[in-house]
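So the structure is just underneath, and the comments pick up after that.
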Number of protein chains: 2
Amino acid sequence: MARREPLNREKVLDAALELADAEGLEGLSMRRLAKRLGVEAMSLYNHVSNKTDILDGIAERVFSQVERPDPALPWQEQVRTVALNMYRAFSRHPIVPLALVTDQSNPTSARALEPLDGLVGALFQAGFDDLGVRRALGAVNGLVLGSLLQATGGFTEALRTHADEQQVDAYIRHVDPARLPNFSRLLRHTREGVDPEADFEQMLDLLIRGLVASAPLHEV
Amino acid sequence: MARREPLNREKVLDAALELADAEGLEGLSMRRLAKRLGVEAMSLYNHVSNKTDILDGIAERVFSQVERPDPALPWQEQVRTVALNMYRAFSRHPIVPLALVTDQSNPTSARALEPLDGLVGALFQAGFDDLGVRRALGAVNGLVLGSLLQATGGFTEALRTHADEQQVDAYIRHVDPARLPNFSRLLRHTREGVDPEADFEQMLDLLIRGLVASAPLHEV
DNA sequence: ACCTGAACACCGTTCAAGT
DNA sequence: ACCTGAACACCGTTCAAGT
C-alpha cells in the first residue's frame, strides 16, 4: 500500500468525466472530484487551472471522438456523418452539451474544433458563401444541441421518459383535461418507447435535404 | 418614507425576472434577489417555496405570453405560429430555455402548458397518431431550444457575436490554420451580421414542410 | 514539485426567534 | 403574518505553509 503515484492532468480529466457521467453536471464539483481522487480539492489546481479548464478538457476529449469526415465524399454525406457522430458522442456524455450551452465550457483547441472544421469544409464544398456556411453551421449545431438537450430535461420530460410509471400517473392527475385537452390525450395513450436517435436522424435528413435544395451547386 | 408595503409572490417573480434578464441565470440568487427587494434572503421563503418555484413561476409567465393558436387555421400555420411565438418569448428571456434544459425548471401548470397543448392539438389535426405527435412535438421543441441555446453561448460563439472585434481577433490568432483551415477561413472573412430569428424561421419552414410530407392527411 | 489547512466570498435552505 | 440572525452544508478559489 505504498503512496499512490502523483496526479496529473489526464488523471484529473479521466475522473472528472467519470464523475460527470455518473452524477451529471451539478454533481461535478472540485471537492467531490478531489475526494474521488483521494486528495484535497486544492491539489487539483496543480494540474488544471480552474473548473472551466476541466470542462473544456472534457469537451475536447469528447469532441475528439468525432472524426473528421473524408473530404472526398459528397458534402451531404460529410455533413450527415459529422452531425450524427457529434450527436452520438454528446449523448454518451451529456455534460458536454450542457456545459457548452450554459457557457461553462468553451473549448478553442484545434483538437476540439477539428470535427467542426470538417463540417465547415463540407459546407464550403457545397458552394455556400461565408454567410451561407455560417447559417448552415448554425442550423446543424442547433439541431444537434436541441435534440440532445430536449432529451436531458425540460418540459416534455413526461412524454419521453416512461421509466417511472408512477411519475407519469402523478403528472396525468396534475393535468387539467379541460384546459389541456390535447396534452392529456397524449399523456393518457402514449405508452410505447421513442427512439431519440432515430428521430434526430430523421430531422437531420430533413435539414440536409433543405441544405441541398438551397446550395448554390445544387445541379452542377 | 413609510415602511414599504409587504412583499408577495407576484412582486418576487417580477423582480426575479428582471434580475435574470439583466444578470442571467447565474446572476439570479436568492440573496441577490432579496437585496434587490430590500429584504433578507430568508423572507423570500414566505412567498415562494424555493428557487425552483421561482424558476417555474418565471417560465410560466413567459409561456403565457405565447397565445394558443386558432384551431380553425390550417394546422401548419398553427404549428408555425406557436413555434415562432415561443422562440420570440424565450429569446426575450433567455433564462427560461436555460432553466428548462438544465432541469432547474419544470413547469407543469396549465397556464404554462397551454401553448404546447395548442401545438399538440394542431399535430393531432394533421392526422398523426400518438407516437407521431410525440415525435413531431419533440422536433419542434428541439428546433426552438437548439436555435435559442446556440444563440446563448457555446462553441460557435465567435462566429455569431461580432460585438467585440478584439475578441474575434484574439480568437483568430488562437486558431491554427493548418489544422483548422476551413474554420479560420470563415473567421477571417465573415464580418457581416446574422439574423438568428430569420435563420430560425427558415429552419422552421423546412421542418414544417417535412411534417406536411409525412402527415397522414397529406392530401385530403 | 506537489499537497494541505485555513480562509474568503459566495450558494440554497432550515429553524428558532422576534414583531 | 411577515421578517430576521444564526446556522448548516455546500460551492470555487487564493494563499501561505508544509514536505
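Every chain is numbered from 1, with letters handed out A, B, ... down the list of sequences.
Residue S43(B) is in base contact, counting any heavy-atom pair closer than 4.0 Å across all strands shown. Base contact: M42(B) has a heavy atom under 4.0 Å from a base atom.
Within a 6.0 Å sphere centred on CD of E23(B), heavy atoms belonging to other residues, nucleotides or ligands number more than 12.
A sub-4.0 Å separation between OP1 or OP2 of dA1(D) and a side-chain N or O of H47(B) is absent.
Spacing between atom CZ of R31(B) and atom P of dA9(C) amounts to 14 Å, rounded to whole angstrom units. One can place CG of L28(B) at 10 Å from P of dC11(C), the figure rounded to the nearest angstrom. Between Y45(B) atom OH and dC8(D) atom P the separation is 17 Å, expressed in whole Å. Across the protein-nucleic acid pair, N50(A) atom CG and dT14(D) atom P stand 8 Å apart, rounded to whole Å. Atom pair L44(B):CG and dC3(D):C1' shows a separation of 11 Å (rounding to whole Å applied). Separating the CG atom of L37(B) from the P atom of dC2(D) is a distance of 15 Å, rounded to the nearest angstrom. The CD1-P distance, from I54(A) to dC11(D), rounds to 13 Å in whole Å. We find that CD of Q104(A) is positioned 12 Å from C1' of dC11(D), with the value rounded to whole Å.
For M30(B), the side-chain atoms get nearest to dT13(C) when compared with the rest of dT13(C), dC3(D), dG12(D). Distances from the side chain of S29(B) to the nucleotides dT4(D), dC11(D), dC11(C) place dC11(C) closest. Listed nucleotides: dC3(C), dG12(D), dG12(C). Nearest to the side chain of N46(A): dC3(C). Looking at the side chain of P6(A), the nearest of the listed nucleotides dC3(C), dC11(D), dT13(C) is dC3(C). Set against dG5(D), dA7(D), dC3(C), the side chain of E40(B) has dG5(D) as its closest nucleotide.
Cation-pi geometry between R185(B) and F124(A) is satisfied (NZ or CZ under 6.0 Å from the ring centre, within 45° of the ring normal).
At a threshold of 4.0 Å, the pair E40(B)-R31(B) does not count as salt-bridged, since none of the basic side-chain nitrogens sits closer than that to a carboxylate oxygen. By the 4.0 Å N-to-carboxylate-O rule, E10(B) lies close enough to R61(B) to be salt-bridged with it.
dA9(D) and dA9(C): their P atoms are spaced 22 Å apart (whole Å).
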Quick one, Q65(B) with R88(B), criterion side-chain hydrogen bond (donor to acceptor under 3.5 Å, both in side chains). Give me CA distance, side-chain angles, the key distance, then yes/no.
CA-CA 10 Å; Q65(B) 295 171 9; R88(B) 284 178 178 150; over 6 Å; no
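When both distances must be under 3.5 Å, the Watson-Crick or G-U wobble mate of dG18(D) is dC2(C). Within the shown strands, dC8(C) is the pairing partner of dG12(D) under the Watson-Crick or G-U definition, both distances less than 3.5 Å.
Where S49(A) and G27(A) each meet DNA chain D at their nearest nucleotide, the meeting point lying more 5' is that of G27(A).
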